[in-house]
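Take a look at the structure below.
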Amino acid sequence: YDWSIEQISAPNSDASPGGDIFGGSQIMDPSPVTFNNAGPDNITYQVKLRVKDFCCGWSKPVYKKIVVMPDVNPGGILSNQTVCYNSIPADLTTSPNGNWGVNPFTYEWEQSFDGSTWTAATGNPLGGGTGWDPTQPVTSTVYFRRYIDGGVCGDKYSNIVTIDVHPEVNSGSIGTNHDICYNTAASPLTSGAVATGGSGGFTYVWQSSPDCNGVWTDIPGSNSPTY
């Protein structure tokens, strides 16, 4: 038995068998051969078998093809964000799309709140699934990734995008109520507890209302923790 394997451009090419590289067995073990393909096009290999009879010589060769598809390239997604507490992240875009392997691709998106347990992402696909429109407000860090259903070539995953969330803004508190005499100025109002959360860059605005239940009006120039 004389097996050979070669990359071809035309099938059933009656080229030289190339020697008994598979040990003269009836069954070819392809494990010594690694089929690589850096893309972007398929590569076709031809396996050829000839049998030599001691009296009648070599038989007519028989052929089989092995088509090696390029490795699936999952592409990348953009980009990390930092959002406010209980807000919806901006759309996630692609850079670039996946390519090679089995086409057309089926894109799927997943999300995780711990970076290890992944579930189907909440939202809507964009651009045929290459992008993603998150629709769920987030209150803690969430991770997104996209994967390509590569069929027989297996699934391939993109990079991971991280959505960090600012702490919830807490406006703090102001000093206690107090009574004053008619036509006198009130004592300064102080901050009982400073504001926290968010990005940490605050602008203070004090408001007043005549009955505490109606319309509140900004007090001009009142932009400090104390008024």
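When every heavy atom of V165 is checked against every heavy atom of S140, the shortest pair comes out as CG2-O, 3.2 Å. Here the closest non-hydrogen pair linking G129 and Y107 is O-CB, 3.4 Å. Among all heavy-atom pairs drawn from S224 and T226, the shortest one is OG-O, 2.7 Å. Between P225 and S191, the closest heavy-atom pair is O-CB, 3.5 Å.
Every residue two or more places apart in sequence or in another chain that forms a ring pair (Phe, Tyr, Trp, His ring centres under 6.0 Å) with Y45 is listed here: F35. For W206, the ring pair (Phe, Tyr, Trp, His ring centres under 6.0 Å) partners two or more places apart in sequence, or in a different chain, are Y227. With sequence neighbours left out, the side-chain contact (heavy atoms from CB on, under 4.5 Å) criterion links V161 to I77, N80, L92, N159, I163. Applying the side chain to side chain donor-acceptor pair (under 3.5 Å) criterion to S209, with sequence neighbours excluded, gives D211. Partners of P167 according to the side-chain contact (heavy atoms from CB on, under 4.5 Å) rule, which considers only residues two or more places apart in sequence or in another chain, do not exist here.
To the nearest 0.5 Å, the span separating OH on Y63 from CD on Q46 amounts to 6.0 Å. Expressed to the nearest 0.5 Å, how far CD of Q207 lies from CD1 of I219 amounts to 8.0 Å. Rounding to the nearest 0.5 Å places CG of L126 at 8.5 Å from CH2 of W109.
Between V205 and N223 there is a side-chain heavy-atom pair separated by less than 4.5 Å. Between P134 and D91 the shortest side-chain heavy-atom distance falls below 4.5 Å. Residues T141 and T162 have side chains in contact (heavy-atom distance under 4.5 Å, counting atoms from C-beta outward). Contact annotation: the side chain of R146 approaches that of T94 to within less than 4.5 Å [non-hydrogen atoms, C-beta and beyond].
Listed for the Q111 side chain is a donor-acceptor partner under 3.5 Å among the backbone atoms of T122. Of the possible polar contacts, none joining the Q81 side chain to the P89 backbone as a donor-acceptor pair under 3.5 Å is found. Here the side chain of T93 pairs no donor or acceptor atom with the backbone of G131 at under 3.5 angstrom.
Clustering of Ile, Leu, Val, Met, Phe, Trp and Tyr by side-chain heavy atoms under 4.5 Å joins W216 with none of the others. L78 forms part of no hydrophobic cluster, judged by ILVMFWY side-chain heavy-atom separations under 4.5 Å. With a 4.5 Å cut-off between side-chain heavy atoms of Ile, Leu, Val, Met, Phe, Trp and Tyr, the cluster of Y143 takes in W118, I160. Taking Ile, Leu, Val, Met, Phe, Trp and Tyr as members and joining any whose side-chain heavy atoms lie under 4.5 Å apart, directly or through other members, the hydrophobic cluster of Y204 also contains V169, V194, F202.
Counting only residues at least two apart or on different chains, the salt bridge (Lys or Arg N to Asp or Glu O under 4.0 Å) pairs with a member in residues 110-132 are E110-R145. Under the ring-ring contact (aromatic ring centres under 6.0 Å, His included) criterion, the residue pairs touching residues 157-189 are Y147-Y157, with sequence neighbours excluded. Residue pairs meeting the salt bridge (Lys or Arg N to Asp or Glu O under 4.0 Å) criterion with at least one partner in residues 156-182, sequence neighbours excluded, are D71-K156.
Note: the hydrophobic cluster containing I88 does not contain F144 (ILVMFWY, side chain heavy atoms under 4.5 Å, direct or indirect links).
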